[in-house]
Structures are given as structure tokens and as C-alpha cells.
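Some notes on the structure that comes next.
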Amino acid sequence: MKEIDGSQAAMAQANGPALLLRGLRKSFGDVKAVDGLDLEVARGECFGLLGPNGAGKTTTIEICEGLTAPDAGSVELLGLNWGSGSGELRQRIGVQLQETQFPDKLTVEETLRLFRSFFKRGISVDESIETAQLEEKRKSRVAGLSGGQKQRLAMVCALVGDPELLFLDEPTTGLDPQARRHLWDLVDKLKQAGRTIILTTHYMEEAERLCDRVAIMDRGRVIALGTPQQLIATVGGEDIVEFAVGSVETSRAVVDAALLREIPGVQSLTVDGGLHRLSVSELHTAVPRIFAVLREQGLHLSEFRTHSASLEDVFVRLTGRNLRDE
């Protein structure tokens, strides 16, 4: 076997994936949180990890961050692993946890100076404050910040070491729409700067806007992987029609499925608790025909809505559950 010299090894490390997981497993008692997970994330990619609570997302991220040891499998970040390269990895990655607790009595500037002191190199405190749009709060104590301001502070604390690989674990959970969009703008700037980002989120609009590729997890395994557009295309139609019906005898009834499937353009049909969900390719022709089928059966609508197919619909089709189901 030809021996690889140090420069060749360094080049291979620099050109390899930012994150490589093989056969990753982690159990807590009888619960398999991660069950033989394989993932590969390219450098410069914004990669989304999606799934309902309990799917294994956070456990996977914590293993990648070196906070939790796996039961089996391998984890490689930037060509290194936590067993032999922990010191270097801590200098090259950034981590924003689901919830970050800062000392309340420190100011924004003091907090950033503290986190900056942990790294040999990085960005200045002034640049961090500007990046987080917290100039007016520089001297304010953490206790007086809003939820959105604290989340922006948490993100730039993860950035002060100028990391090559950044983990964002549900960074916008609990924020109002304006604060969420501020953080989206910040992530967009990080993407444009070429950073690799691993993002977990419950918000499908967030994943569709920010992520180059996404993996949907359920019960510790990846059940779908691709770009948001590729996954949405698997739903089979461009639009989703959801409705519930009632009759004289009952408040909710079920339409004859065969009649609905015969409607031109209907790609798929599911019924859950009386709620009919159809994937359709031509909304403008399918909706009038759905109404006609209901009239023929003497049924009336109690609910009706349409929307463009989304990642949420991909997950419902695969698992029968919503992404935010407990």
C-alpha cells in the first residue's frame, strides 16, 4: 500500500466532507434514539435535520458536538474525530444549543469577550456585536434582552471562534416571526461566507428557505434525504387539498375514496380522523370535481383548505404524523 505523506493527508482532510457519520447508534435503556445512522455533509453546505420530537435529531447533534458518546459507529468532523482530535475540533466548530443560559448580570459585550477568550483565533467582539445587530444593547445586561436578542447573542457566541462547521439546534424555537426572520438573515450571511451549517428545526418554511439539503428522521433513522425541492416532488402533486365533511346523521363523514381517486390529477389520498388529504397536480380542475362528488353524496363541507406541497406533507406521507407532533 502506498504511504500517504503529511501534505497529502492534510489535503484529503481539507477536501473531504465536513461531517461523516457511519453506523451511528445510541440507546437510552430500551429506547433506540439513533439506530444505525449514516450521513454525509459536504463543506459549505447548509444541511437540515428534520423530524418530530423524539426522532433522534438532538441526540445525533449532541454526538456530533462531542457532548454524548455513541454506543456504536463512527463520527468524523472536518477529517477529525473526538477520540484523537478533540482539542483541535473545539477550536474549529461552533455550537448553538436549543437553549443557552448566560449569566444574567453580564453585559452583551462582557459575554462576548468571555466566549472569545476560549479561542486562539476568531472575530473581534465589535464585529460580533455588529453581526448580531446588538449595537444598541452592547452595555445592556443579558437579563434585560428579549428572546430574539438572546438567540442572536447565542448565535454569535457560537461564531466568535470563526468556526468552519456550525451546529444550530432549533435556533428559532419560541421566537416571534420578526425575530425569526432576523436570524434567517444572519444564517443567509453565514451561508454566503461559505460556512458549513448543520441545522435542526421544526419550521418547514425555515428549512425550505435556508437548507441546501435536508434529511428527515423518524425513530432514529433517516427516512428521506435530498434537496427540499426533490423531497417535495415525491409528494406527487403540486398542491394539497384538505377537507372534512358532514352529513345529516353525523358531524363527520367519509367520502367514497374510489370516487375521489378517479378525479383527474389526484395523485394520492389519505384520510385521518375524518380529514381527507389529497395531493393534486391541477388544483383549478380538481377542486370543482371534489365539490361535485360531495354534492352527489349529499355531504357538506365542515373544513376546507389548500396549500402548496411542502416538507410537512412529505413527512405526513411517509409517517402519517405531523413534524411537530409530540
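Side chains are part of it too, since the values below use all heavy atoms of this structure and drop only hydrogens, waters and symmetry mates. For reference, positions follow the sequence shown, starting with 1.
Cation-pi contact between Arg305 and Phe243: absent, since separation from the ring centre below 6.0 Å together with deviation from the ring axis within 45° is not met.
Note: Ser146 OG to Asp176 CG = 7.5 Å, rounded to the nearest 0.5 Å. The structure places OG1 of Thr201 at 8.5 Å from CG of Leu210, a figure rounded to the nearest 0.5 Å.
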Discussion item. Side chain to side chain donor-acceptor pair (under 3.5 Å) for Gln98 and Thr58? Distances and angles first, verdict last.
Written reply: CA-CA 9 Å; Gln98 280 190 29; Thr58 295; 2.7 Å; yes
Worksheet item: What do the steps show when you test Arg181 against Glu205 for salt bridge (Lys or Arg N to Asp or Glu O under 4.0 Å), and what is the final call?
Response: CA-CA 11 Å; Arg181 290 187 179 275; Glu205 182 185 359; 3.1 Å; yes
Worksheet entry | Stepwise side chain to side chain donor-acceptor pair (under 3.5 Å) check, Glu135 with Gln133 | CA-CA 6 Å; Glu135 294 94 333; Gln133 299 178 349; over 6 Å; no
Fill in: From CA spacing to verdict: ring pair (Phe, Tyr, Trp, His ring centres under 6.0 Å), Phe291, Phe304
CA-CA 11 Å; Phe291 290 164; Phe304 186 86; 5.3 Å; yes
Worksheet item: Are Glu206 and Thr172 close enough, and set up right, to give a side chain to side chain donor-acceptor pair (under 3.5 Å), and what steps lead you there?
Response: CA-CA 9 Å; Glu206 185 167 283; Thr172 63; 2.5 Å; yes
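Contact check on Asp169 versus Lys57 returns no salt bridge, with no Lys/Arg side-chain nitrogen under 4.0 Å from an Asp/Glu carboxylate oxygen. With respect to the salt-bridge test (charged N to carboxylate O, under 4.0 angstrom), the residues Arg195 and Asp162 qualify. Under a 4.0 Å N-O distance rule, the pair Arg22/Glu40 qualifies as a salt bridge. Under the 4.0 Å criterion applied to side-chain N and carboxylate O atoms, Lys26 and Asp35 are not assigned as salt-bridge partners. Salt bridge present: Asp185 and Arg209 bring a charged side-chain N and a carboxylate O closer than 4.0 Å. With salt bridges taken as basic N to acidic carboxylate O contacts below 4.0 Å, none links Glu45 and Arg43.
Between Ile240 and Ala309, the shortest heavy-atom contact is CG1-CA, 4.0 Å.
For the salt bridge (charged side-chain N to carboxylate O under 4.0 Å, His left out) criterion with Arg138, the lone passing option out of Glu109, Glu130, Glu110 is Glu109.
Arg141 places a side-chain N or O within 3.5 Å of a backbone atom of Lys105 that can act as its donor or acceptor partner. Panel note: side chain Thr59, backbone Gly56; no donor-acceptor pair is recorded below 3.5 Å. Looking at Thr227, its side chain never comes within 3.5 Å of a backbone N or O of Asp212 through a donor-acceptor pair. Panel note: side chain Thr196, backbone Ala18; no donor-acceptor pair is recorded below 3.5 Å. Checked by atom type and distance alone, the side chain of Gln96 never pairs as donor or acceptor with a backbone atom of Phe167 at under 3.5 Å.
Cluster membership for Val187 and Val95, using ILVMFWY side-chain heavy atoms within less than 4.5 angstrom, is not shared.
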Return all side-chain donor-acceptor pairs below 3.5 angstrom for residues 61-76, not counting sequence neighbours, or 'none' if the list is empty.
| unit_1 | atom_1 | unit_2 | atom_2 | d |
| --- | --- | --- | --- | --- |
| Glu62 | OE1 | Thr68 | OG1 | 3.4 |
| Asp71 | OD2 | Ser27 | N | 2.7 |

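Not counting sequence neighbours, Phe119 has no partner by the ring-ring contact (aromatic ring centres under 6.0 Å, His included) test.
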